[in-house]
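So the structure is just underneath, and the comments pick up after that.
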Amino acid sequence: MLLAIDIGNSSINIGFFKGAGLLKTLRVPTHPKRTDFAYKNRILDFLSKNYMEIAPRHAIISSVVPDLTEKIYNAVLDLGP
């Protein structure tokens with residue numbers, strides 16, 4: 001699975017891809033004080049509720065919010081095996 005993550009000023013959009021196909025999308029409001037642990041749990045909850053594999057193999061992150069880039073990066077790393 002591939003996670004494509006776009007961190008914007010008002011929301012974080014996450015696309016979950018399998019092969020060339022988009023499976024699901026998740027939109028999370030951007031909140032600078034939210035921790036990487038909170039973002040990780042939000043993603044895990046979404047994956048679980050949608051019966052999707054837990055550990056993505058690849059991720060792409062684009063960001064216009066530098067303060068959140070590292071938090072999202074750490075959250076995604078914690079999803080892995």
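In the hydrophobic clustering of ILVMFWY residues, with side-chain heavy atoms under 4.5 Å counting as a link, Phe37 and Leu44 come out apart. Ile43 and Leu77 fall within a single hydrophobic cluster, where Ile, Leu, Val, Met, Phe, Trp and Tyr side chains are chained together by heavy-atom contacts under 4.5 Å. Hydrophobic clustering (side-chain heavy atoms under 4.5 Å, transitive across Ile, Leu, Val, Met, Phe, Trp, Tyr) groups Ile14 together with Leu23.
Atom OH in Tyr39 sits 6.0 Å away from atom OG1 in Thr30 (nearest 0.5 Å). With rounding to the nearest 0.5 angstrom, the OG atom of Ser10 is 7.5 Å from the CZ atom of Arg27. For the atom pair CZ (Arg57) and CG (Leu2), the distance works out to 12.0 Å, reported to the nearest 0.5 Å.
Lys40 places none of its side-chain heavy atoms less than 4.5 Å from the side chain of Thr35. In this structure, Phe16 and Met1 have side chains that are in contact, with non-hydrogen atoms separated by less than 4.5 Å.
A distance-only check finds a donor-acceptor pair linking the side chain of Lys71 to the backbone of Pro32 [under 3.5 Å].
Minimum heavy-atom separation, Val28 to Arg34: CG1-NH1, 3.4 Å. Among all heavy-atom pairs drawn from Thr25 and Phe46, the shortest one is O-CZ, 3.3 Å.
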(message) Quick one, Lys49 with Asp45, criterion salt bridge (charged side-chain N to carboxylate O under 4.0 Å, His left out). Give me CA distance, side-chain angles, the key distance, then yes/no.
(response) CA-CA 6 Å; Lys49 285 181 179 177; Asp45 185 51; 3.3 Å; yes

(message) Applying side chain to side chain contact (heavy atoms under 4.5 Å, CB included) to Val64 and Asp6, what does each step give before you reach the verdict?
(response) CA-CA 8 Å; Val64 296; Asp6 178 33; over 6 Å; no

